[in-house]
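Report on the structure given below.
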Amino acid sequence: MGEFDFIDWIRSQQAAGGLVVTAAGDDLAVLKWPTDELLLVGVDQVLDGVHFDSQVHSPREIGRKVMNRNLSDCAAMACLPAAAVATVALPAGIGVQYAKELYLGLREAADPFGCVIVGGDTASWAGKLAVTVSILGRSGGIEPVRRSGATAGEGIYVTGALGGSILGRHMNFSPRVELARRLAPLGISAMIDISDGLSRDLRHICEASGVGAIILAEKVPIHGDARTLANRDGKPALEHALHDGEDHELLFCSRAQGLRQLGAIRIGETVAERGVWIQGERNEKGEKGVKEELRPLGWEHSL
Ligand SMILES: [Mg+2]
């Protein structure tokens with residue numbers, strides 16, 4: 001089976017319907033876009049040796065991860081994933097079955113959200129595997145939630161426990177699209193999905209919004225994976241929760257009530273003074289812990 005047979009196989013997996021007027025197979029796909037909706041566009045790539053290890057992770061897992069990263073960005077804006085296009089640079093000789101598995105991984109992630117893969121491109125080369133997905137989201141009656149809307153005196157929330165995702169969750173997480181759609185109408189001023197680590201992503205919100213933030217150490221939900229990792233490397237589990245990244249939980253600011261019932265966990269508040277701090281745990285006498293700068297130690301690609 002060659003490239004063209006593979007393309008035929010992909011075409012056979014797709015159908016027009018919904019937003020899709022012409023599915024993959026022509027030079028471009030054709031979508032019918034609701035005229036009263038905003039179009040949100042993003043792109044995300046994963047590289048062998050950086051975001052996954054092809055010696056360890058299956059093509060299904062790799063496909064799922066790159067699609068889920070894009071879907072998580074949709075969650076971060078509270079939009080609905082509508083369609084996606086994918087490009088794959090395959091190591092020469094890896095075989096069509098591998099490419100099919102990658103595609104099926106993309107589909108496994110996208111299908112539950114009604115997100116249709118409407119096009120793509122594959123090529124093989126002497127390099128390692130690289131997969132890129134571009135996503136099209138629609139506002140679906142909810143104003144997109146940006147990073148820039150937070151003001152002083154709001155609660156800072158996360159939607160789940162953090163840290164230690166490298167033990168496996170970074171390859172297999174659930175984008176919080178539905179939760180974001182339920183939270184946003186209650187009044188979310190700024191939101192992001194935690195990809196680079198709480199300490200770094202919170203800074204992104206603070207910088208975009210022109211506010212500061214104080215996180216309460218005792219309120220940060222620590223994932224069991226963070227504790228496992230802490231036992232192995234001797235670093236405090238809290239450090240993993242604050243900095244590890246690839247949790248893909250939502251981090252947001254809000255003045256609304258009733259967020260806890262939806263599963264949101266309040267971890268601190270925004271302040272007028274610029275900067276990001278962490279307040280240590282109270283001692284036995286109930287006295288406040290030390291407040292120190294929360295430095296951004298999360299993931300950053302060096303260029
Ligand atoms: Mg993001």
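Every number for a ligand or one of its atoms is a count from 1 in the order of the listing. Fair warning: this is a prediction, and the values are worked out from it, not measured in the lab.
Aromatic pair Phe173/His248: ring centres closer than 6.0 Å. For His170 and His57, the gap between ring centers is short of 6.0 Å.
Using modelled atom types and a 3.5 Å distance limit, the side chains of Thr87 and Asp121 yield no donor-acceptor pair.
Note on Arg169 versus Asp225: salt bridge recorded, some NZ/NE/NH1/NH2 to OD/OE distance being below 4.0 Å.
Taking the N/O/S atoms of Asp193 in turn, the shortest distance to the Mg ion (ligand 1) belongs to OD1. Within Asp73, the N/O/S atom positioned nearest the Mg ion (ligand 1) carries the name OD1.
Counting backbone and side-chain atoms alike, Asp201 contributes no N/O/S atom closer than 2.8 Å to the Mg ion (ligand 1).
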